[in-house]
Q: 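Quick one: structure below, then a few questions.
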Amino acid sequence: MTTLGIIGAGHIGSQIARKAVQLGYDVVISNSRGPETLADLVAELGPRSRAATAAEAAAAGDVVVVTVPFKSYRQIPAEPLAGKVVIDTNNYYWERDGHVPALDRGEATTSGLLQEHLPGAMVAKGFNHIYAAQITADGTPAGTPNRRALATASDHSEASALVARLYDEFGFDTVNIGPLSESWRVERDRPAYVVRQNAAELAANLARAPRTI
Ligand SMILES: NC(=O)c1ccc[n+]([C@@H]2O[C@H](COP(=O)([O-])OP(=O)(O)OC[C@H]3O[C@@H](n4cnc5c(N)ncnc54)[C@H](OP(=O)(O)O)[C@@H]3O)[C@@H](O)[C@H]2O)c1
C-alpha cells in the first residue's frame with residue numbers, strides 16, 4: 001500500500017491523513033463539498049497529499065478509508081472500490097443519522113451495511129472507537145508496555161490483516177473481533193467504545209458487550 005484514499009475530511013479523516021503522511025504514505029482526500037474546500041488541509045499536509053472528489057479518492061487509493069457520518073454511507077461510490085480494502089470508521093448515532101430499525105433491533109451492524117453497499121470491496125471496521133485527536137497522540141512503538149489496542153472486524157482476512165498492519169504503524173495493537181456480524185461489540189455505548197485499553201482489556205471489554213443497548 002502506498003496511497004491511502006480518504007472519503008471524509010472531518011475530525012477522523014484529517015487525523016488519519018496527518019498520521020499517514022507522517023508515515024510516508026501518499027494521501028488523496030475528499031469531502032462532500034469539493035476539493036477546492038480542502039485547500040487549507042492539503043497545504044498543511046504537504047506534497048504527499050492532494051484533494052479530490054470522493055470518486056477520485058476511491059479510485060486513487062490502494063486502500064480507502066470511509067469516514068463520513070453514517071447517514072451518508074449510501075453515497076459512497078461502489079464501482080471504484082471494487083476489489084479494494086475499505087476501512088470503515090463509522091458509528092451510528094440515531095440522533096444524527098436518523099433511526100435505522102435493523103440497527104436499533106440489533107439485527108445489523110454499521111460496517112455490515114457498508115459491506116452490503118460495497119459488495120465488491122473488502123470492508124474492515126477500523127478507528128471507530130478512538131477519539132480523533134488521539135489517533136496522532138496515543139500511538140507508541142510495538143512492545144511498549146500497556147500499548148493501546150484498537151479493534152477491527154471483517155469478512156475478509158486480507159482486510160483485517162491490513163488494518164492490523166496499519167494500526168501497528170500508527171502505534172496501536174490490534175484485537176480482531178472476527179466477522180462483521182460481530183462488529184457490534186465495538187459499536188457505540190459498549191464497554192470498549194472510546195476508552196483507552198490495552199489488548200487484554202479490549203478483548204475482555206469486547207467479550208462482555210451486550211448485543212443491544
Ligand atoms: N469524531 C470522532 O472522534 C470519531 C471517532 C470515531 C469514529 N467517528 C465516526 O467516524 C465518522 C466520521 O466522523 P467525523 O467526526 O470525522 O465527522 P465530521 O467531522 O462531521 O466529518 C465528516 C466528513 O465527511 C464528509 N462527507 C459527508 N458526506 C460525504 C459524502 N457523501 N462524500 C464524501 N464526503 C462526505 C464531510 O464533508 P463536508 O464537510 O464537505 O460535508 C466531512 O468532511 C462518523 O461516523 C463518526 O461517528 C468519529
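For ligands, and for the atoms within them, numbers begin at 1 and follow the listed sequence. Count residues from 1 along the sequence.
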Q: Does I12 approach ligand 1 within less than 4.0 angstrom via side chain, backbone, both or neither, non-hydrogen atoms only?
A: both

Q: Look at atom 19 (O) of ligand 1 and say which protein heavy atom is nearest, naming residue and atom and giving the distance to 0.1 Å.
A: H11 ND1, 2.7 Å

Q: Which one of I29, N90, N31 has a non-hydrogen atom at the shortest distance from atom 34 (N) of ligand 1?
A: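 That would be N31.
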
Q: Could you list which atoms of ligand 1 come closer than 4.0 Å to a heavy atom of I7?
A: 33 (C)

Q: Within ligand 1, which atoms have a heavy atom of Q75 less than 4.0 Å away?
A: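 The atoms of ligand 1 under 4.0 Å from a heavy atom of Q75 are 30 (C), 31 (N).
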
Q: Name the one of N31, I12, I76 that satisfies side-chain contact (heavy atoms from CB on, under 4.5 Å) with V68?
A: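 When side-chain contact (heavy atoms from CB on, under 4.5 Å) is applied between V68 and each of N31, I12, I76, only I76 qualifies.
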
Q: Please find out if less than 6.0 Å separates the ring center of F170 from that of Y167.
A: no

Q: Working to the nearest 0.5 Å, report the span between CZ of R96 and CZ of F70.
A: 9.5 Å

Q: Any N or O of H129 that comes nearer than 3.5 Å to an N or O of ligand 1?
A: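 No; the residue has no nitrogen or oxygen that sits under 3.5 Å from a nitrogen or oxygen of the ligand.
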
Q: Within the supplied structure, the quantity of interest is the number of heavy atoms (other residues, nucleotides, ligands) at a distance under 6.0 Å from E79 CD; does it exceed 12?
A: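 For E79, atom CD is not crowded (no more than 12 foreign heavy atoms under 6.0 Å).
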
Q: Once you round to the nearest 0.5 Å, how far does OG1 of T152 lie from CZ of F172?
A: 14.0 Å

Q: For atom 27 (C) of ligand 1, which protein heavy atom lies nearest, and how many Å away is it?
A: P69 CD, 3.7 Å

Q: Which ligand 1 atoms, with their elements, are less than 4.0 angstrom from a heavy-atom of I130?
A: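 Matching atoms, with element in brackets: 5 (C), 6 (C).
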
Q: Indicate, as side chain, backbone, both or neither, the part of R96 found under 4.0 angstrom from ligand 1 when only non-hydrogen atoms are considered.
A: side chain

